[in-house]
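Naming convention: chains lettered A, B, ... in sequence-line order (proteins, then strands); numbering from 1 in each chain.
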Amino acid sequence: MSDGRIVFKKPSEDIDTVTSAVLEEREDAGAVDDAAISQNVVHNPYLTMSIQKQRNMLPISKHKNQVLYALQKYRTVVIVGETGCGKSTQVPQFLMEAGWCADKRVIGITQPRRVAAVTLATRVADEQLCRLGSKVGFVVRFGGVTSDDTVIQYMTDGILLREMSADPLLLKYSVIMVDEAHERSVNTDLLLALLRRLQKVRYDLRVIVSSATLDAAYFRQFFELNETSDESKNTAVILSVEGSTYPVEIFYVEQPVPDYIKAAMTTVLRIHTKESSGDILVFLTGMDEVEAFCKELIEYSKKLQNVDRLWVVPMYSGLTQREQLRAFDSTPFGQRKVVVATNIAETSVTIPGIAYVVDCGFVKMRIADPANGIESLMLVPVSQAAADQRAGRAGRLRAGKCFRMYPEAEYKKLLTATVPEIQRCHLAPVILQLKTLGVANVVKFHYLARPRVKALATGFDLLHALGAVDNEGALTNPLGLKMCTLPLPPMHAKVLLSSEQFGCSEEILTILAMMQIQEPFDIPKNARHNAELTKREFSVAEGDHLTLLNVYHSFIKNNKSQKWCNQVHVNFKGLCRAENIRQQLKAYLKKNGMKMVSCKGLIGETERVRRCLLCGFFTNVARYGHDGRFHTIYETTSYAVYKGSAMMYRDKMPKWVVFTDVLQNSIRDISEIDPDWIQEVAPNFYDFGTNREVAAARGADRTREYESLADLN
DNA sequence: GAGCACTGC
């Protein structure tokens with residue numbers, strides 16, 4: 001390439017020579033980070049050093065020449081670096097300084113989380129002594145800070161996927177670095193597969209796969225698969241960058257424990273009395289477990305005599321940022337901090353100074369039933385990789401200890417790695433996404449991890465029933481094409497696109513936005529009774545969806561006041577997010593040429609809304625049974641009603657409902673429906689008729705459909 | 001009396 005890029009020689013054995021440009025030391029180093037820290041949960045242990053010193057401290061800086069040499073020679077480079085080695089911040093700067101941004105070409109770095117994209121960009125802009133948004137910028141949903149000068153762009157992986165559907169060749173980029181590839185999220189898996197595909201057309205595009213674990217061999221093999229070029233220009237190179245961690249000693253229980261919470265409690269108390277000082281991190285599986293555990297631990301610590309007190313911050317995503325930040329407070333002298341967390345502490349949040357980890361060995365995971373595609377939250381054993389990740393959290397300060405609440409034999413039986421998300425999620429959104437990007441044969445696509453054919457078939461079934469794909473599996477025009485443009489899963493998208501014909505797009509827009517937030521109500525533990533009463537006042541007999549509409553309307557009527565939210569126990573942060581999402585969706589609808597119409601005050605007002613919901617969620621229909629549970633149409637599953645549902649306020653349960661969210665054994669976000677509507681909105685999905693007719697027709701049809709899938713164009 | 005891992009467009 002003759003663009004004036006500096007050419008690097010293959011590094012000799014002494015790769016310790018660092019040749020980075022010397023920047024002037026600044027006294028206000030980290031000032032921008034302070035702003036970021038106040039917003040996000042981030043910790044920088046080197047905050048007091050000058051920026052250049054901080055950069056040189058990072059293990060990756062020793063490998064600068066190696067990285068540049070590899071990227072010059074190979075089209076794909078896999079960098080394995082432990083967390084904190086500096087790869088996410090330094091590699092893009094190495095590349096820019098080496099001329100990879102000539103002609104304003106951009107180095108793109110993708111992150112699985114928004115916070116990471118923002119903080120990394122802020123940090124790198126600071127290191128480059130430039131304003132955020134000039135040379136260094138970021139893009140996330142609902143905005144970003146970039147300009148024409150931006151050559152290092154941090155973004156969420158979802159953003160790059162969106163960008164690919166607008167510009168399939170990604171011409172503005174010279175290098176794309178997919179960070180945290182080891183997490184194996186749907187987005188990172190798709191990105192890697194798509195980039196590999198793209199490299200066959202764009203020979204000049206460089207891809208960096210950045211991973212924290214030794215899955216590198218797998219990534220390498222993937223990028224080399226079926227390469228015919230004998231020049232082996234595409235060969236990925238593996239660089240191993242050490243982090244700064246200490247060994248962790250693992251302890252197991254001798255016998256399986258019947259109650260891991262009790263076992264964890266005993267273990268924490270034993271660590272406290274028998275082990276030297278050092279903070280403890282306890283991994284449990286859910287918010288309730290965490291809260292109950294904390295409460296009990298505080299009780300114990302009060303009773304302990306002649307022993308220093310335990311200082312207990314629960315940590316899970318439902319907490320506000322302020323509450324989460326408490327886990328970062330330094331431990332008062334003579335006390336011992338115990339952080340009780342969900343798996344948020346596995347990846348999203350790193351708590352410094354942990355010397356002991358207590359691991360319950362389980363995790364709550366969203367898993368789709370391949371037969372019907374319904375996703376629910378299941379309690380499953382962790383994988384060995386996840387258990388090791390948890391244990392590793394004890395070795396960041398000094399040599400640590402990890403106590404597992406299961407015997408060693410059980411550990412050996414665990415899966416070595418967590419099943420990639422793409423193999424356990426509902427595939428309809430994935431299929432839709434691939435179709436948008438011009439992947440004609442989604443069944444034969446070169447996945448990083450191949451999903452089950454049965455799951456693909458279920459995905460196609462749903463898309464077909466929704467009218468998004470035709471009999472050949474191609475996107476329909478205009479419905480399928482429009483569904484692709486919306487930042488919503490297919491069922492939600494269908495509801496939204498149908499809302500105009502039901503005359504209720506304003507209402508549906510609100511309900512869908514509200515469905516995206518986790519919990520509209522904020523019920524404090526000390527005022528539960530009072531909160532329940534106010535919550536009840538928002539409730540609507542027809543169900544949760546109209547209740548959500550009610551809450552949002554009241555929020556707007558009260559000028560989006562935080563004070564009002566606190567008084568009536570409505571989640572202020574959540575409602576603000578819902579408003580944001582609503583605006584974004586509204587903009588998409590306008591772009592699609594849809595009219596905003598409201599059914600307010602019209603005859604059959606709530607019926608329109610519920611019919612419209614059924615239009616997308618007809619798979620999630622259930623009938624009330626004598627056993628007090630709701631049964632799906634083919635009796636494959638039955639569910640209890642979630643205790644927080646507005647349905648609980650009714651004297652009598654409705655006979656038929658549609659639900660839009662499933663927990664492990666219960667359904668929530670439920671609305672009453674009339675079974676006659678089902679045939680109207682989804683005439684082909686269910687078999688209507690006597691049991692015998694149905695059984696005969698169904699078996700034959702479905703089998704044929706699955707068999708033909710492998711040949712879908 | 002009992003309940004909702006974590007992200008993202």
### Query
Checking all strands, does Val140(A) fall into the base, sugar-phosphate, or nothing category for heavy-atom contacts under 4.0 angstrom?
sugar-phosphate
### Task
Tell me which nucleotide among dC9(B), dG8(B), dA5(B) gets nearest to the side chain of Lys364(A).
dA5(B)
### Task
Considering just the side-chain nitrogens and oxygens of Ser666(A), establish if one lies under 4.0 Å of OP1 or OP2 belonging to dG3(B).
no
### Query
According to a strict under-4.0 Å criterion, is Ser185(A) in side-chain N/O contact with OP1 or OP2 of dC6(B)?
no
### Task
Ignoring the backbone of Ser348(A), work out which of dC9(B), dA5(B), dC6(B) is nearest its side chain.
dC6(B)
### Query
Between dC6(B), dG3(B), dG8(B), which nucleotide gets closest to the side-chain atoms of Thr342(A)?
dC6(B)
### Message
By the 4.0 Å heavy-atom rule, please label Asn187(A) as base, sugar-phosphate, or nothing.
### Response
nothing
### Summary
With the side chain defined as heavy atoms from C-beta on, Gln516(A) is closest, among dT7(B), dA5(B), dC9(B), to dC9(B)
### Query
How about Leu549(A) and Met514(A): do any of their side-chain heavy atoms sit closer than 4.5 Å?
no
### Message
What's Gln111(A) touching, base or sugar-phosphate or nothing? Going by heavy atoms closer than 4.0 Å.
### Response
nothing
### Per Arg366(A) side chain, nearest of listed nucleotides dC9(B), dC6(B), dG1(B)
dC6(B)
### Query
If you check the Gln518(A) side chain, which of dA5(B), dT7(B), dC9(B) turns out closest?
dT7(B)
### Query
Does a nitrogen or oxygen in the side chain of Ser317(A) sit under 4.0 Å from OP1 or OP2 of dC6(B)?
yes
### Task
Have a look at Ile344(A) and say if it touches a base, only the backbone sugar-phosphate, or nothing, with a 4.0 Å heavy-atom cut-off.
sugar-phosphate
### Query
Where the side chain of Arg114(A) is defined as all heavy atoms beyond and including C-beta, which of dG3(B), dG8(B), dA5(B) is the nearest nucleotide?
dG8(B)
### Task
Check every strand shown and say whether Glu519(A) touches a base, only sugar-phosphate, or nothing at a heavy-atom separation below 4.0 Å.
base
### Task
Identify whether any heavy atom of Gly286(A) sits under 4.0 Å from a base atom; if not, whether one sits that close to sugar-phosphate; answer base, sugar-phosphate or nothing.
sugar-phosphate
### Task
Give the nucleotide from the list dA5(B), dC6(B), dG1(B) with an atom nearest to the side chain of Met287(A).
dA5(B)
#### Entry: Verdict with supporting geometry, Phe659(A) and Tyr639(A), ring pair (Phe, Tyr, Trp, His ring centres under 6.0 Å)
CA-CA 11 Å; Phe659(A) 54 91; Tyr639(A) 299 103; 5.5 Å; yes
